[in-house]
Protein chains: 4
Amino acid sequence: MKLKDSNKENAIIEQTLDIVYETGIAGVKMSKLAKRVGISPSTLYVYFETKEDLIVSVARRILKNIAAGLESVLAESTSFENKLRAKWIHMVQFTINHEKEINFMDQWKRSPYFDKNIFKEMKDGFKMKMMLFQEGRDSGYLKDLDDNIIHAIMAGIANQTVTLIKAGHLQMNQSTLDLTFSIIRDALKR
Amino acid sequence: MKLKDSNKENAIIEQTLDIVYETGIAGVKMSKLAKRVGISPSTLYVYFETKEDLIVSVARRILKNIAAGLESVLAESTSFENKLRAKWIHMVQFTINHEKEINFMDQWKRSPYFDKNIFKEMKDGFKMKMMLFQEGRDSGYLKDLDDNIIHAIMAGIANQTVTLIKAGHLQMNQSTLDLTFSIIRDALKR
Amino acid sequence: MKLKDSNKENAIIEQTLDIVYETGIAGVKMSKLAKRVGISPSTLYVYFETKEDLIVSVARRILKNIAAGLESVLAESTSFENKLRAKWIHMVQFTINHEKEINFMDQWKRSPYFDKNIFKEMKDGFKMKMMLFQEGRDSGYLKDLDDNIIHAIMAGIANQTVTLIKAGHLQMNQSTLDLTFSIIRDALKR
Amino acid sequence: MKLKDSNKENAIIEQTLDIVYETGIAGVKMSKLAKRVGISPSTLYVYFETKEDLIVSVARRILKNIAAGLESVLAESTSFENKLRAKWIHMVQFTINHEKEINFMDQWKRSPYFDKNIFKEMKDGFKMKMMLFQEGRDSGYLKDLDDNIIHAIMAGIANQTVTLIKAGHLQMNQSTLDLTFSIIRDALKR
DNA sequence: CATGAATGAGCGTTCATTCAT
DNA sequence: TATGAATGAACGCTCATTCAT
């Protein structure tokens, strides 16, 4: 008995990400996708019940990957500022390295396939990132700001930083990271 | 001889904005749009040659409105910090009051209907906003940062602020504006 | 009280002929036609009840013109062969000079607007041309062929001659007329 | 796995020919065609990419058939006149037996779907038919006329003959063939 | 008589999904 | 499991004609 080929499933998801990156979520056509994966359109339906199921599955997988990627890092740095700096660098690099995934989530949120319930799963996966901020407030380093606000400021500036890098107004190097982190620090430091 | 009803053109654009806000740019169907405006689908083609023409016309009109909205403001404030604060409040309020327009532009940029040439028309209208930053640098108030970076930081935080307000994590009041401006100021002040 | 402007009616018919010549009978669009004439689409309906009425009216007018054009000629030539030659030259020249009209009739016959009843009017207008052939048979010059056959042969060769001229394989000059007439004469002479 | 049914493709082409014969090329509507074939309109697009592709495919098939039909014939007749007579009979019969195809080609040439490049493919297939005329001129039987003119005369009269047959003015029998051939012979013989 | 706006009916085409093997 | 054919439902758009002035 042949089982579903998980390589094939991965290939489908990979191509979906690529197509969304190239042509937007509305550019995902089941037959075009099948052709790029090298299978028949009807075979897609062996792996995903509907197109919506496919899109949502891609979103769910990305959420898992993002959550996993955000956990690691920091830990052994000594000072809090070093930890915050490490987190900042990680955020910027992550935003750059996962262009396609971030782009997908961006588009998914505004698409007819968006499902709020699934989106909430992400929130939980993000809980732990906040513990760092609590430590910063407790040690008197950070302003007394809500976790959401602190994260929002960092995320907002990270997004814009990456936009400026992609537009050529900034370069992805140490000096840019230093510059932007100094802004973050000034913004958040008590 | 029946005259073209300019209210009808406005109504079409208004409904288009609403539909994009509700269902994304891919959710704009000429027949659905016509039904919401209360006209026949073919009448849409009296006012706009194609669907693309419609979308681009909406974008063009928004660009004009944004440019117009950015001109007024400030001027009479005394200190530079007051001018910057006024600009910040204006940015947040504008982002909130023009939700649909901003959402439309966001989606348009990633849609098949996007036309770079039209987008460039906007750039010129935005030149003047940068003069404020020059004044801030000259007076020694602002860090020596590129105009684009300063604007990106303010815009990034403004977007996130509005997101938090809409999510209920913040309220649109004076204390929120004071809080967020203090962050902006700390981030940008020399 | 203003009456229907017959210049306008002529202009409509003229433009219809031109459009059919340029783009075929399926290329006749009431609004495009109106624009070319310089009037409003609805004004067309002052002069012609429907599109079919327009097309049929053009056909009917052409039939009248053809019938009129075929009457004149000959008469004073002495020998029958000279009369036949005159008729032949007239046929070729007519075919060339009335390209648009002939093209229209050709297309009309195969179009959804064709009406056999109107077409029969032509037959009557063509009756007189046959008298010449009767004279030819009576005088022993022509083979004993049916009028329709004689006319068909001349018309068939005239059409092909014009086609060859337009394709550049022949030139419209005396020698071509002499050559082709000699073929006609040999084909029909007893 | 369902296999593509080549009878279905044939049926589509057959019905297209019929519809063009009945209502002209402008009368070919994809939905009407589908209904007559007994399939869904969208199934048409499994076999032909667009309406234009369908029309051009029909034309291309006809050109192949015509070229194939012109090759066989003659060869074994003894005298040149017998060969010419055989060719004439073949032309008339072919014109009658392929009414729909000839009508289609006639209309296609004036339609928006016409493609000169495809038409040129035919020209080559027609080269061989001319060799007969060269033989006729060499042997002193035919007048010294250009190949195109000879063929044009025969084709023009063949067309008109068939028109007269269809109109009931002639009957498709030996005596008609003899009569018309005698006209052809007199027209072309030196 | 003249007009520009308005429209219903219909067209060619696309595409997610199901069918039949 | 895997497939290519088949399709219904929709979409963007056109156009002859009518409406309202």
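Just so we're on the same page: letters track the sequence lines, and every chain starts at 1. The structure displayed is predicted, hence computed values, not measured ones.
- The nucleotide whose nearest atom lies closest to any side-chain atom of C/Thr50 is, among E/dA6, F/dT17, F/dT7, F/dT17.
- Heavy atoms of C/Lys8 sit under 4.0 angstrom from primed sugar atoms or phosphate atoms, though from no base atom.
- Of all nucleotides listed (E/dC1, E/dT18, F/dT18), F/dT18 comes nearest to the side chain of C/Ser42.
- If you measure from atom OH of B/Tyr45 to atom C1' of E/dG8, you get 15 Å, rounded to the nearest angstrom.
- Taking only side-chain nitrogens and oxygens, C/Ser40 comes nearer than 4.0 Å to OP1 or OP2 of E/dG4.
- The pairing partner recorded for F/dC11 is E/dG12, the criterion being a Watson-Crick or G-U wobble arrangement whose two distances lie under 3.5 angstrom.
- Residue A/Lys35 qualifies as open at atom NZ: its count of foreign heavy atoms under 6.0 Å is 12 or below.
- For the OP1/OP2 pair of E/dA6 and a distance below 4.0 Å, the side-chain nitrogens and oxygens of B/Tyr47 include at least one atom meeting the criterion.
- Atoms OG and OH, from B/Ser40 and B/Tyr45 in turn, are 10.5 Å apart once rounded to the nearest 0.5 Å.
- Here the CD1 atom belonging to B/Ile13 is positioned 9.0 Å from the CZ atom belonging to B/Phe104, to the nearest 0.5 angstrom.
- Within the 4.0 Å cut-off from OP1 or OP2 of E/dC15, not a single side-chain nitrogen or oxygen of A/Ser31 is found.
- Whole-Å rounding puts the A/Leu44 CG to E/dT18 C1' distance at 14 Å.
- Between B/Tyr113 and D/Val46, the one whose closest nucleotide on DNA chain F sits nearer the 5' end is D/Val46.
- Rounded to an integer number of Å, the gap from C/Met30 CE to E/dT3 C1' is 15 Å.
- Rounded to whole Å, atom C1' of F/dA2 lies 12 Å from atom CD1 of A/Ile12.
- The nucleotide F/dT18 finds its pairing partner in E/dA5, both defining distances of the Watson-Crick or G-U wobble pair being shorter than 3.5 Å.
- A/Ile55 has its CD1 atom 12 Å from the C1' atom of E/dA16, to the nearest Å.
- By the 4.0 Å N-to-carboxylate-O rule, B/Glu22 lies too far from B/Lys100 to be salt-bridged with it.
- In this structure, C/Leu33 atom CG and F/dC15 atom P are separated by 13 Å, rounded to whole Å.
- Where D/Gly38 and A/Ile39 each meet DNA chain F at their nearest nucleotide, the meeting point lying more 5' is that of A/Ile39.
- Distance from the side chain of C/Lys29 is smallest to F/dA16 among F/dA2, F/dA16, E/dA16.
- Atoms CD (B/Glu49) and P (F/dG12) sit 17 Å apart, rounded to a whole Å.
- Separating the CZ atom of D/Phe48 from the C1' atom of F/dA5 is a distance of 15 Å, rounded to the nearest angstrom.
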Check step by step if salt bridge (Lys or Arg N to Asp or Glu O under 4.0 Å) holds for B/Glu99 and B/Lys166.
CA-CA 10 Å; B/Glu99 248 187 293; B/Lys166 285 201 280 177; 2.7 Å; yes

